[in-house]
Amino acid sequence: MKIYIGSDHAGYNLKQAVKDHLEKRDVTVTDLGSFEGEDSVDYPIIAREVCEKVLEYPHSKGIMVCGTGQGSAMACNRHKGIRAALCPTVELAEMSRRHNHANVLCLGERIIDEKTALTIVDTFLDTEPDSAKRHKKRVEMLDK
Ligand code: RB5
């Protein structure tokens, strides 16, 4: 599984922790920045990089981290074909995959602790979309 990960300055530390965590799993992680530590970077720029890669490789997934995750989710959802989910809880991560077939996970470093974030990441990656017709139909409607 290919994972594209990115963050702004406010999500940088959590992005690094998620990347280290993913490198221990059977996935290929590509870090698209920020590479500038806590120096200010605008989240829409990195979100675009992540979304373009996810759209290029349909079975891949993206993870975006900023201070709250909110700006990342807004930026990602401007890209047709991207279904970005802001998930501060494990339940939301699971349901965003099951019912909404989310392909980008957005996290807020200032909102959740690292341990919770890693559980959310694992849940997001390990949950398959529910293939029931009603969910597929609704997901398809998002891009129409
Ligand atoms: C940066 O200060 C902060 O606004 C950004 O990381 C994010 O939380 C926006 O949604």
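Here the structure is a predicted model, which is why all the values come from computation and not from measurement. First listed ligand is number 1; within each ligand, the first listed atom is number 1.
Of the possible polar contacts, one joining the D113 side chain to the T116 backbone as a donor-acceptor pair under 3.5 Å is found. Listed for the H9 side chain is a donor-acceptor partner under 3.5 Å among the backbone atoms of V41.
Under the rule for a salt bridge (Lys or Arg N to Asp or Glu O under 4.0 Å), E140 has no partner lying at least two apart in sequence or in another chain.
Applying the salt bridge (Lys or Arg N to Asp or Glu O under 4.0 Å) test between D122 and each of K115, R25, R97 identifies R25 as the sole match.
Residues L14 and V29 fall within the same hydrophobic cluster, defined by Ile, Leu, Val, Met, Phe, Trp and Tyr side chains chained together at heavy-atom separations under 4.5 Å.
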Between ligand 1 and the protein, which N/O pairs fall short of 3.5 Å?
| unit_1 | atom_1 | unit_2 | atom_2 | d |
| --- | --- | --- | --- | --- |
| ligand 1 | 2 (O) | R110 | NH1 | 3.4 |
| ligand 1 | 6 (O) | D8 | OD2 | 2.5 |
| ligand 1 | 6 (O) | G67 | N | 2.8 |
| ligand 1 | 8 (O) | G67 | N | 3.3 |
| ligand 1 | 8 (O) | T68 | N | 2.9 |
| ligand 1 | 8 (O) | T68 | OG1 | 3.2 |
| ligand 1 | 10 (O) | T68 | OG1 | 3.3 |
| ligand 1 | 10 (O) | G71 | N | 2.8 |

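Separating the OH atom in Y4 from the OH atom in Y57 is a distance of 5.0 Å, to the nearest 0.5 Å.
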